[in-house]
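First up is the structure itself, then whatever we jot down about it.
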Amino acid sequence: MTANPVSSPTSARRFLKAALLLATGLVLGACGKKEPPPPAPAPVASAPAPAPVKVYTVGTDAAYAPFESQNEKGEIVGFDVEVVQAIARKAGFEVKFVNTPWEGIFNALQQGDRDLLVSAITITDERKQTMDFSAPYFDAQQLIAVREGSKIAAFQDLKRLKAKVGVQTGTTGDEAVTKLLGKTSTAIKRFESTPLALKELESGGVDAVVADNGVVVHYVANNPGGKFKALTDKEFVPEQYGIAVKKGNAELLAKINQGLEGIKADGTYAAIYAKYFGAPPAAPAAAAAPAPAASR
Ligand code: ARG
């Protein structure tokens, strides 16, 4: 006889018995259990799971009321913001706004740090080389802000009177003034934001500021007491704002255009316009400039 326990008949029998008991126990145990819980409800099998809603990052230079600015809570608000939110709702995507200084805004798009830009951006041929624009969503024009009592009455006066002129660097206002006074003119004072240029007008550091009509009119209206006035001039060419995407991002551009068309058709655009500019847009949205309530 060997000492191998399993080969001993007694051990073998004991082993079998134990195995049997175990098996029975398992079976009994299983039977004794209550109804197994119903299988978890299967995820709606028929329809494919909806694609997660895309969240796009929107760059905006939020120092450009009433188009984009930060309220007391630091939230980015304004006409552009509401237009893009409405477009997103219409076209079925989500947006997240990120304050992005103007001087780096186009680069941020180029680098892919922002998916789209809304920042009262004028559609220009030069910009079209490096980015794609939506259909126009707003008509604009340059205006000249001066202090009340200023001798400046027209665009050419900036040159004639050797005025110091404030602009936001790299804007269409900058372009217009640079064209008038020359690239190397020391009379042009460039600022990183339009509010900074306007502060300088207030303090007397510059004699005029050239910027978009909406912003100038807003500024004049919010500085009551007739301290400033806005001048229009036929020399300024009509401008149109567009929403910018990275060159070649046709998918996002199509969604934006589709949403924009939708909110123009259903009255949402006109309602937002009226909220910010008093009256609904004069002609089919974005076809006419808001009356420059300018010259006083
Ligand atoms: N419309 C002008 C331009 O495109 C000025 C835009 C400035 N926008 C802003 N959020 N700072 O050059």
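Hydrogens, waters and symmetry mates play no part in the numbers below; they use all other heavy atoms, side chains included. Both counts, for ligands and for their atoms, begin at 1 and track the order of listing. It should be emphasised that the depicted structure is a prediction, and the values quoted were computed from it without experimental measurement.
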ask   = Is there a donor in the side chain of D212 and an acceptor in the side chain of Q142, or the other way round, less than 3.5 Å apart?
value = yes
ask   = Members other than V55 in its cluster, when Ile, Leu, Val, Met, Phe, Trp, Tyr link by side-chain heavy atoms under 4.5 Å?
value = none
Pair Y241 and F79, ring centroids less than 6.0 Å apart = no
task = Write out all pairs satisfying side-chain hydrogen bond (donor to acceptor under 3.5 Å, both in side chains) with one or both partners inside residues 121-130, taking only residues at least two apart or from two chains.
result = T122-E239
inquiry  = Just to verify, what does E82 make a side-chain hydrogen bond (donor to acceptor under 3.5 Å, both in side chains) with, not counting sequence neighbours?
reply    = K275, Y276
query = Under a 4.0 Å heavy-atom cut-off, which residues neighbour ligand 1?
reply = D61, Y64, E68, W102, S119, A120, I121, T122, R127, Q168, T171, T172, D212, Y241
key: Lys/Arg N to Asp/Glu carboxylate O, D207 vs R147, below 4.0 Å   = yes
